Amino acid sequence: MTQTIKFDSLSSLFNALKEVEKDYQIFCPTKQDGTEVFLPLVEIKEDNLKATYEILSKNEPPLFSIKSFLFPNSEIYLKFKREKDSYEFSVHSQEETPTVVLGGKPCDVESFGMIDMVFLQEPVDTFYQQKRENTILITSVCNQKGPNCLCDEFGVDKCKPKVSDILLVLGEQTTQKDEAVYLEAVSERGENFLEKLDKSTESEGESNTPNLEGEIHQKDVEKLSPEKIKDIMENLYDSPIWAEFAMRCLGCGICTYYCPTCHCYDINDFHRKDKGVRYRSWDSCMFSNFSNMAGGHNPRPSKEDRIKNRFFHKLNYFVKQQGPLACVGCGRCAKNCPAGISIGTVLKKIGVGKHV
Amino acid sequence: MMQQNFEPKIIAFCCNWCSYAGADLAGTGRLKYSENIRIVRVPCSSRVEVQMILRAFQNGADGVMVAGCHPGDCHYDTGNYHTRRRMVLLKSLVSFMGMDPERLLVKWISGNEAARFQETVDSFNDQLKKLGPSNKVRDQRCEI
Amino acid sequence: MKVGVFICWCGSNIKNMVDVEKVAREMENMPRVVHTQDVQYLCSEVGQQDIIKAIDKHKLDRIVIGACSPRMHEITFQRLLESKGLNPYFVEIANIREHCSWVHTDKEKATIKAIDLVRKAVAKSYHAIPLQSDLLGVTKRALVIGGGIAGIQAAIDIADAGYPVDLVEKESSIGGRMAQFDKTFPTLDCSACILTPKMVEAATHENINLYTYAEIEDVAGYVGNFKVKIRQKAKSVDPEKCNGCGDCITKCPKKVPNEFDEGSSKRKAIYTLFPQAVPNKPVIDRDSCIYFHTGKCGLCQRICKTDAIDYKDEDQIIENEYGAIIAATGFDIKNPKSLPEYHYGNHPDVITSLDLERMLNASGPTNGKVIRPSNGEAPKKIVFVQCVGSRDRNKGNAYCSKVCCLYTAKHTLLLNEKFPGTESYVFNIDVRTGGKGYEEFYERARHKGAKYLRGQVSKIESLEDNENRLLVRGFDGSLGEQVEIEADLVVLATSIEPKAGSKKIANLLGVSTDQDGFFSESHPKLKPVETQAQGIYLAGVCQGPKDIPEAVSQASGASCKAIILFNKGQVKSVPTTAMVNKDICSGCMQCKPVCPYEAISKDYVIERIHGKEVRRPVASINRALCQGCGACAGLCRSGAMDVGGFTCKQIMAEVDSL
Amino acid sequence: MRDINKEIIEIAQELLESNKVDMVLGYTKGERPDQTFPFIAKTKEEAERLTFDYYSYNSLSKYLLDDMYQGKKIAIFLKGCDFRGLKLMIGEDRVKREDLHLIGLDCPGVKRGESVSPYCLSCRLNNVPKEEVDTKISTSLEPLVERKYSHEESFSEINDIEKMSNEERFEYWKRQLSRCKRCYSCRNGCPVCTCRVCLFDRENPGYIDGATDQLAQHQFYHVIRAFHVADRCVGCGECSRVCPENIPLHLLSQKLIRELEKFYGTYTTGVDELPTPLSTAKANDPDHFGKEVK
């Protein structure tokens, strides 16, 4: 039974993937117009591979989290038709062919652990569940931290994430320092997929993943304690710091949309004439109309309320409900927020964490 | 090439005082033109919001027409001057984004120009038949 | 909300092309529609009763009607709703006649379209909001633009009804075209004899105020409350002091062509338009006056006993308010020079009918003698050419000038009377004599010897004979062959055209003009004197070619409309005005400059935000001024501005329903 | 050489100590050297952290619209483009000039990553006019771009797209827009998107929905957004700068500015008098729609 298979280069891995393409939808990261995107394998040409390799090799998550593969920005629930006064509903059929997402970073895949806690508990979000079970995650591991990374602080193992099907290790990250690419199955789903790949000519067959080299465990990092932070937050509800942040905040949705653990959505109907669809799409608690009520009342009228709510959810409410802090330390907020507000700056403000 | 079997969907925003009246006169004169046009009555072409035009395209219109009084003849003196500026801008933006500007027709048709109304509709209809269905700006969920 | 849908057959007008039953059936599928019905004549008493019954039975509060254009019967149905205690703007009309059954030929497609149009109307009706109109006062003073017979008549009628009227005339005297004429058809009574009394009446009427030698500068406001700027051109003669002796005119050394005689005679630089001019006080034509060019001369000032000449006189802008305006700007005649085949301008003996009219006029350039301009001798053979520039798009105008047939008949009769033995030949496409006593008049002309040739003139050229006569080449339809006539004089019945500068007036008034430049009436059949602009009415040829009795009766009609307005004393404001959603409005006031009626002004609202009182600007609408064009709503970025009857929701709903 | 940061701090501290203002709205350094972020100093100590450098790209004026700033006396640092945006707000009575102490900087241009940001190439006003502000600081920083403003060059970026065929243009924008996550940062960052309630936040009528899988919705949003700032754009480029997906949104605005200029003459928002071109229309504007249909 396959544990690890080795490809002598990224392109040979891709050739192998192409052979199994008919049974899977495979998505990989690359660059388009200089911006990191995930594209279906078919659209990835030879000259994209360089970019793809860069993304896999850099110890920083790709621009946009792979959350959207299991929890799309917008997806249709059901369709409906109206005949006179009778309505006809039909559930929107889900994609059957299994999906393979290559290139997620440990922090990204770990985030699914948290979303599971919300979506897979009763009542189960079947749309998420189906995708979750139908998706194979090939995680590109890190051998050190990027400029914005807080994975260690938030207890994410950047070398061996708990949630994953297959780990992707680049030769250059290892003691070998070669161009090879190693795929190591860490789940049953992963193993089955690797077997399929193994049959393909490109693979060099069985092997063991060489040891990673690099700043694998940061010594000076204290792992953040959810309980401690939760308690600190308890006393900060009326603190002026939220107003301070709010004064800088643009009120856009970048932090929530790029955060791999944020999972709020809105449900809408779109209909013309006698037919239409009900669909859900991401929503952001940073938007003023997120908490707007039918009567026009808004329980979180100001930016201050909203920004406070967001960080209380991450650092307090979620701990109470599920246990962990709702953050995997991917650092996307730090990277993308136009006003420089991030989980890091907040932790710093509330006096937690050395690095930040 | 003309797609004969294809019947374009045209939504026309017509100024109540000129082009709408012109369409009425075309009726009174029994002038025949294509059935594909649906007229939305507005008090003045300047009332038309850009949002409405795009909405029409979203909903699957193959062509949108905005018709007002001839410059200088506006029932409200200056309305169509504003329409003119807005539409010039919208058209250029739309073409800059590659979204077939020729699907947006802006026309000055007075209340007496029944024939001009008829001719405008028919030639626009033919032009759209040549262009074929509009699928660049259409919200796909309309077909679901 | 309960919607009732009514589809009108309009007899066969709609039913023949649209499956009305199907349309009605389809509408049953629309939400909130509780009643659908197709009716033979919805506008009829019976039809209206059907609607009323349905309203009572189903407690309908939205009525959707598929019928003729809302521009036709919207009022009818709005009144009906009002009578049932419903807001008149809860009725929505789908135009399935003018916009559907009348213009399409494929019943199936037409029916599908009709269904769409009615569905659109139903969708709109869901979002209908109640609208009211306010009552506005009316300035009981009328302005008449143009001092021709139409303008004079209109002014006198309004004045007689007891309302003050300002009559503005561009020339230095009222009278207009009719003053140029000799006799009028079909009675052949003297034009001046019947006109001058009216001119004097207008001038002396206690309620009429004359502004001669004046022009309209600007028109603002709306029905009942127009604000007009009038430019009183400098007359350079003080009408108060001047006693009209006329010495200045006789002494004035400068001679210029006399427009009143179509340039066939000369007038002085200081002049009255014609002997019976009203007011009969001269003005100085500064363009030709020596003094105003060189600063020398000044003769008139020296000899004027009453010291009325005032070279320092300046244009003045007079501002007045009016409740109603009547446009009677009259007409010009086409200059036939543009049609070389008629040789006009190349040979002095080719003249226009108006030239002949002046010659025939006893006070005209020839004191009533008809002569050949080339040599001053009496013409023996005269050829009249009809439809010069009329009834032929390629030669000028597609329309018929209407009066030429009759005045030409008149001319032949007058010539025959005054100068027995003159032969008259009339080339015509056909002779049109609609009008009381007109056909008889034409018969009389023929009986008296005028020879009518049915055919058009192809070419006129000079016969190089010693008398320098003309050769008229034409086609005689009755003989079916080319004919050539050697003529002493050729008279061209040139086309009537809108007065130069009337386009400018139309723009000032906000009245649209038709493809020929004549002012557009509100409805060709039922509103011939109204315009699309409320409170502005039309009289005379400015609306289309007419003869004198028609112009006069239209003038009386127009004045009657003004009088009605004044008697009511108030007008309903437009209910479909712009509305500001003050919660959303940012008060950026970008909409202000867009408004043509200055109806938008800045206002402030005081709000409590997190316990703090905040005073912020918002736009606010003056409903009396707003006419509901919606230019502001089209601009407003946040969608805070909206228009009653055409709200964003309504139009969006229409668009979505298609 | 003068140290601009020292100067900035002194000015801020003076204003705060003398109670001329309640707060100073400026910039401070972020975690990384290439990060500079908005910063509000309320005390002498906080003022110590104020700074200005090539990464001070945020437009601060937009913040003033938030209720939190209402009724406070505020000193604000302004680059040329920020100043233009603020002028528009003052002109539209959104903020009160008397509540503000304007500190004008002559801007050396800002950087995006290591390269100078493209919008600065089309900058029309880097040097805030002395007479318009209460305090004027001339930076000691080396200008990043040659200050000779060439009108044509300022539009060079859109020429490339205009050269494309209609289809190419469509594909180009389809690619760009399909990345849009509708985070609205382009709207919220824009100093002239100043509506109290944005059209896109209106529920009724709902103009737009979150269906990010529909190109049509993206087109709708971006066309309207660009159109609504067409005659207001101050060319600060925040729209593109804040976009995490690097969608070149400023090109849309530039295109519109050029069209406006082509037909209705040059108008520099925040410098020229209100009203803006779309609120003015003239009888003698060129007419593009009079021609007969072919």
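Convention: sequence-line order gives letters A, B, ...; per-chain numbering from 1. What you see below is based on every heavy atom in this structure, not just the backbone, and it leaves out hydrogens, waters and symmetry mates. What you see is a predicted model; the values in this text were computed from it and never measured.
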Residue, of Ala631(C), Cys591(C), Ser638(C), Pro617(C), that accumulates the most heavy atom pairs under 4.5 Å with chain D: Ser638(C)
Please identify, among Gln590(C), His127(C), Lys649(C), Lys592(C), the residue contributing the most non-hydrogen atom pairs under 4.5 Å to chain D. Gln590(C)
Given that the side chain runs from C-beta out, which part of Cys632(C) has a heavy atom under 4.5 Å from chain D: side chain, backbone, both or neither? neither
Portion of Glu607(C) that has a non-hydrogen atom of chain D nearer than 4.5 angstrom: side chain
Could you grab the distance from atom NZ of Lys602(C) to atom CG of Asp93(D), nearest 0.5 Å is fine? 3.5 Å
Rounded distance [0.5 Å steps], CG in Leu635(C) versus OG1 in Thr276(D): 7.5 Å
Quick one: closest heavy-atom pair of [X] and [Y], and the distance?
X: Ser586(C); Y: Thr194(D); result: OG-O, 4.2 Å
X: Arg196(D); Y: Cys585(C); result: CD-O, 3.5 Å
X: Val197(D); Y: Asp583(C); result: CG2-O, 4.2 Å
X: Arg202(D); Y: Gly639(C); result: NH1-O, 3.2 Å

Side-chain contact test, heavy atoms from C-beta onward, threshold under 4.5 Å: evaluate it for Met652(C) versus Tyr207(D) and give yes or no. yes
For [X], look at atom [atom1] and say whether over 12 heavy atoms of other residues, nucleotides or ligands are found less than 6.0 Å away.
X: Lys2(C); atom1: NZ; answer: no
X: Glu273(D); atom1: CD; answer: no
X: Gln534(C); atom1: CD; answer: no
X: Lys582(C); atom1: NZ; answer: yes

Less than 4.5 Å to any heavy atom of chain C: does that hold for the side chain of Leu65(D), its backbone, both, or neither? neither
Whatever's closer than 4.5 Å to a heavy atom in chain C on Arg232(D) counts as side chain
